[in-house]
Amino acid sequence: MYSEKVVDHFTNPRNVGEIENASGVGTVGNAKCGDIMRIYLDIDDNGIINDVKFKTFGCGAAVATSSMATELVKGKNIQEALQVTNKAVMEALDGLPPVKVHCSLLAEEAIHAALWDYAQKKGIVIEGLEKPATDIAEIVEEEDY
Ligand code: FES
């Protein structure tokens, strides 16, 4: 049911933890299943994501997608990080079962929330970034469950 990559990232998740004094922190939940994800970004003066950590209190697919999402944004600039959509994360994991697709949205939204927090702290506007949802249940259609 799960790809080898999903199983690998679930059993051996990358970049788990916290960053003290992070440049941006984003927390997103899904009220329907109760899962929560928090992403910490360390962004340097050139706008490069030097480090990223996550904590996920959630299902296996949420852990695997957070892990892969952190790998995909590490070392990237902000605009490149914005391109890391849930579809890109799922592709990198060789897919997710349809009922688990919504779990991958937590990772995308948590990255956006952390970038939003960074922009707020810096007093800057990140082109293409809209205010993220704090609860993905608001943006996921019923039929996706
Ligand atoms: Fe909640 Fe997967 S079931 S994120």
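For ligands, and for the atoms within them, numbers begin at 1 and follow the listed sequence. Quick caveat, the model's predicted, so the values are computed rather than measured.
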Subject >> Heavy-atom pair of closest approach, residues Ile111 and Ile39 >> reply: CG1-CD1, 3.9 Å
Original post:
For ligand 1, which part of Lys100 has a heavy atom less than 4.0 Å away: the side chain, the backbone, both, or neither?
Top reply: side chain
Original post:
Under 4.0 Å from ligand 1, counting heavy atoms only, is it the side chain of Leu106, its backbone, both or neither?
Top reply: side chain
Subject >> From NZ (Lys53) to CG (Leu41), nearest 0.5 Å >> reply: 12.0 Å
**OP:** Please round to the nearest 0.5 Å and tell me the distance separating atom CD1 of Ile136 and atom CD1 of Ile36.
**Re:** 11.5 Å
Could you list which atoms of ligand 1 come closer than 4.0 Å to a heavy atom of [X]?
X	answer
Cys59	2 (Fe), 3 (S), 4 (S)
Cys103	2 (Fe), 3 (S), 4 (S)
Cys33	1 (Fe), 3 (S), 4 (S)

Subject >> Side-chain donor-acceptor contact under 3.5 Å, Asn15 with Thr70 >> reply: yes
Original post:
Above 12 or not: heavy atoms from other molecules or residues under 6.0 Å from NZ of Lys87?
Top reply: no
Original post:
Which residue and non-hydrogen atom of the protein lie closest to atom 4 (S) of ligand 1, and at what distance in Å?
Top reply: Asp35 OD2, 3.0 Å
